[in-house]
Amino acid sequence: MRFLTVYQRLFRAYGPQYWWPGETPFEVIVGAVLTQNTAWSNVEKALANLKAAEVLDAERIIALSPQRLAHWLTPSGYFNIKAQRLRNLCAWYLSQGAFQQLRRWHTKRLRKALLSVNGVGFETADDILLYAFKRPVFVIDAYTRRIFARLGLVDHTAPYEHLRQLFQETLTEGQGATSRQRQVALYNEYHALIVIHGKEICRQRPRCAQCCLRARCPARSEYF
DNA sequence: ACCCAGGGTCATA
DNA sequence: TATGACCATGGG
């Protein structure tokens, strides 16, 4: 199938990415919120602030005043909103017994609970599920929509869940990944490669009207 | 100076 | 269900 072909080409072009950049599951969770519509280079600055202040920890984040937390988050943008979202997520996380308890939950239950937290949407939840909890959930982001729409494989306006199911079904049937472990490994590497490739492609100028959706896009030669 | 980034919520129709 | 306003910094 095409979806695996694209993966193989990306892997050959860029090699393994060893995602997610973050040393602990909790750091992955924080990073997933901070990177909402934000360049990762800015997220790194905010994470460095939290580490330097020794508050990269759910209890300590809750203990901070919203203003003080927002101050450390300044470089990642949307700092007031993200301070509130981090707070919401940490409160939920602690109330459920943190990682040691949550890791025992079934994926479906965990996903629904994450999505119920104000400030956690589909992509943030799935980043957390895949990269912090190692669950077989395929992450759909803006790069995924652009790249695969331009390849003619998906409709970039399709709802998130529709695309996620398409990727998961396609990559699980047949060759892709039969065992759960292989699914997690494949989804992990695939999303990382899509992001790396997306950064590369979408930096090109001039951009086509809807970036990577037109046959005339100067980056088209990168594909097939 | 302008454009955008590894989104999500809320109000409105 | 589907748009649109809003959030905000730093790099190209």
Side-chain angles (χ1 to χ4, degrees), chain A residues 7 10 14 16-22 25 27-50 66-92 111-132 137-150 154-164 167 187-213 217-219:
Chain A
Y7 171 76
L10 289 173
Y14 298 101
Q17 301 299 310
Y18 306 110
W19 265 29
W20 178 291
E27 185 175 343
V28 172
I29 290 170
V30 173
V33 171
L34 296 186
T35 198
Q36 290 172 356
N37 200 38
T38 301
W40 183 255
S41 57
N42 285 0
V43 176
E44 287 181 315
K45 295 176 177 33
L47 285 171
N49 284 348
L50 295 175
Q67 294 77 14
R68 192 141 185 88
L69 178 55
H71 177 255
W72 301 127
L73 301 185
T74 299
S76 74
Y78 304 137
F79 45 79
N80 288 316
I81 283 187
K82 284 176 178 174
Q84 186 59 58
R85 290 180 180 176
L86 259 190
R87 192 167 237 298
N88 295 341
L89 186 51
C90 287
W92 167 79
R111 188 167 194 263
K112 182 170 285 186
L114 282 166
L115 289 172
S116 75
V117 177
N118 188 295
V120 177
F122 289 124
E123 189 184 334
T124 304
D126 291 345
D127 278 337
I128 293 171
L129 287 166
L130 178 59
Y131 293 105
V137 176
F138 197 92
V139 179
I140 305 296
D141 68 345
Y143 288 137
T144 313
R145 290 175 183 276
R146 288 175 191 160
I147 293 169
F148 287 85
R150 196 155 67 79
V154 305
D155 168 12
H156 81 287
T157 64
Y160 185 98
E161 288 294 69
H162 178 83
L163 293 177
R164 185 172 71 89
F167 274 84
Y187 296 174
N188 178 320
E189 198 61 53
Y190 206 158
H191 177 62
L193 288 166
I194 286 169
V195 173
I196 296 303
H197 184 60
K199 288 180 178 175
E200 221 34 55
I201 287 304
C202 293
R203 190 175 306 142
Q204 298 196 16
R205 297 294 187 279
R207 303 176 72 141
C208 42
Q210 292 183 310
C211 186
C212 305
L213 297 179
C217 176

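By convention in this document, chain letters (A, B, ...) are assigned in the order of the sequence lines, proteins followed by strands, and residues within each chain are numbered from 1.
- Position along DNA chain B of the nearest nucleotide to A:Val195 versus A:Leu115 favours A:Val195 as the more 5'-ward residue.
- One atom, NZ of A:Lys199, and another, P of C:dG12, lie 12 Å apart when rounded to the nearest Å.
- Scored by the salt bridge (charged side-chain N to carboxylate O under 4.0 Å, His left out) test, A:Arg111 finds A:Asp126, A:Glu161 as partners (sequence neighbours excluded).
- A sub-4.0 Å separation between OP1 or OP2 of B:dG8 and a side-chain N or O of A:Thr124 is present.
- Put simply, CG on A:Leu129 and CG on A:Leu115 are 8.0 Å apart, with the number rounded to the nearest 0.5 Å.
- Remark: A:Asn80 pairs with no residue by the side-chain hydrogen bond (donor to acceptor under 3.5 Å, both in side chains) rule, at least two apart or across chains.
- Looking at heavy-atom distances under 4.0 Å, A:Asp141 makes contact with sugar-phosphate atoms alone, never a base.
- Contacts between residues 80-92 of chain A and DNA chain B, defined by a heavy-atom separation below 4.0 Å, involve A:Arg85, listed by number.
- For A:Glu27, the salt bridge (charged side-chain N to carboxylate O under 4.0 Å, His left out) test picks out A:Lys51, with sequence neighbours left out.
- Not one side-chain nitrogen or oxygen of A:Arg146 sits closer than 4.0 Å to the OP1 or OP2 atom of B:dC4.
- Between the CG atom of A:Leu34 and the P atom of C:dA8 there is a distance of 13 Å, rounded to whole Å.
- At the heavy-atom level, A:Tyr78 lies under 4.0 Å from base atoms of the strands shown.
- An aromatic stacking contact links A:Trp19 with the base of B:dG6, defined here by ring centres under 5.5 Å apart and ring planes under 30° from parallel.
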- Give DNA chain B the dot-bracket treatment, 5' to 3': Watson-Crick (N1-N3 with N6-O4 or O6-N4) or G-U (N1-O2, O6-N3) under 3.5 Å, [ ] crossing, | other strand. .||||.|||||||
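- Looking only at distances, a side-chain donor or acceptor of A:Glu189 sits under 3.5 Å from a matching main-chain atom of A:Gln17.
- For A:Tyr78, the side-chain contact (heavy atoms from CB on, under 4.5 Å) criterion is met by A:Asn37, A:Thr38, A:Lys82, not counting sequence neighbours.
- The same atom, P, is picked in B:dC10 and in C:dA8; the two are 15 Å apart, to the nearest Å.
- Between the CG atom of A:Asn49 and the P atom of C:dG10 there is a distance of 10 Å, given to the nearest Å.
- C:dA5 and B:dC3: their P atoms are spaced 16 Å apart (whole Å).
- Under the ring-ring contact (aromatic ring centres under 6.0 Å, His included) criterion, A:Tyr187 pairs with A:Phe138, sequence neighbours left out.
- Separation of the A:His197 and A:Tyr143 ring centroids does not fall under the 6.0 Å cut-off.
- A gap of 23 Å separates the P atoms of C:dG4 and B:dG6, to the nearest Å.
- Distance A:Ile140 CD1 to B:dG7 P: 12 Å, rounded to the nearest Å.
- The ring-ring contact (aromatic ring centres under 6.0 Å, His included) search around A:Trp20 returns A:Trp40, A:Tyr131, not counting sequence neighbours.
- By the criterion of a centre-to-centre distance under 5.5 Å and near-parallel planes under 30°, the ring of A:Trp40 forms no stack with the base of B:dA5.
- Counting any heavy atom pair closer than 4.0 Å across all strands shown, A:Val120 reaches sugar-phosphate atoms only and no base atom.
- A:Ser76 pairs by the side-chain hydrogen bond (donor to acceptor under 3.5 Å, both in side chains) definition with nothing, not counting sequence neighbours.
- Between the A:Asn88 side chain and the A:Val117 main chain, no donor and acceptor come within less than 3.5 Å of each other.
- Remark: P of B:dG6 and CD1 of A:Ile147 are 12 Å apart, rounded to the nearest angstrom.
- B:dG6 atom P lies 17 Å from atom CG of A:Leu130, rounded to whole Å.
- The side chain of A:Asn37 lies closest to C:dA8, out of B:dG6, C:dG10, C:dA8.
- With sequence neighbours excluded, the residues that form a side-chain hydrogen bond (donor to acceptor under 3.5 Å, both in side chains) with A:Thr157 are A:Asp155.
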Atom pairs under 3.5 Å: protein N/O with N/O of nucleotides 10-13 of chain B:
{"from": "B:dC10", "atom 1": "OP1", "to": "A:Asn118", "atom 2": "ND2", "distance (Å)": "3.1"}

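- Between A:Gln36 atom CD and B:dT9 atom P the separation is 8 Å, expressed in whole Å.
- Residues passing the side-chain hydrogen bond (donor to acceptor under 3.5 Å, both in side chains) test with A:Asp141 are A:Thr144, sequence neighbours excluded.
- Residue-level contact check: A:Thr74 touches the backbone only, with heavy atoms under 4.0 Å from sugar-phosphate atoms and none from bases.
- Nucleotide C:dA8 holds its C1' atom 15 Å from the NZ atom of A:Lys45, rounded to whole Å.
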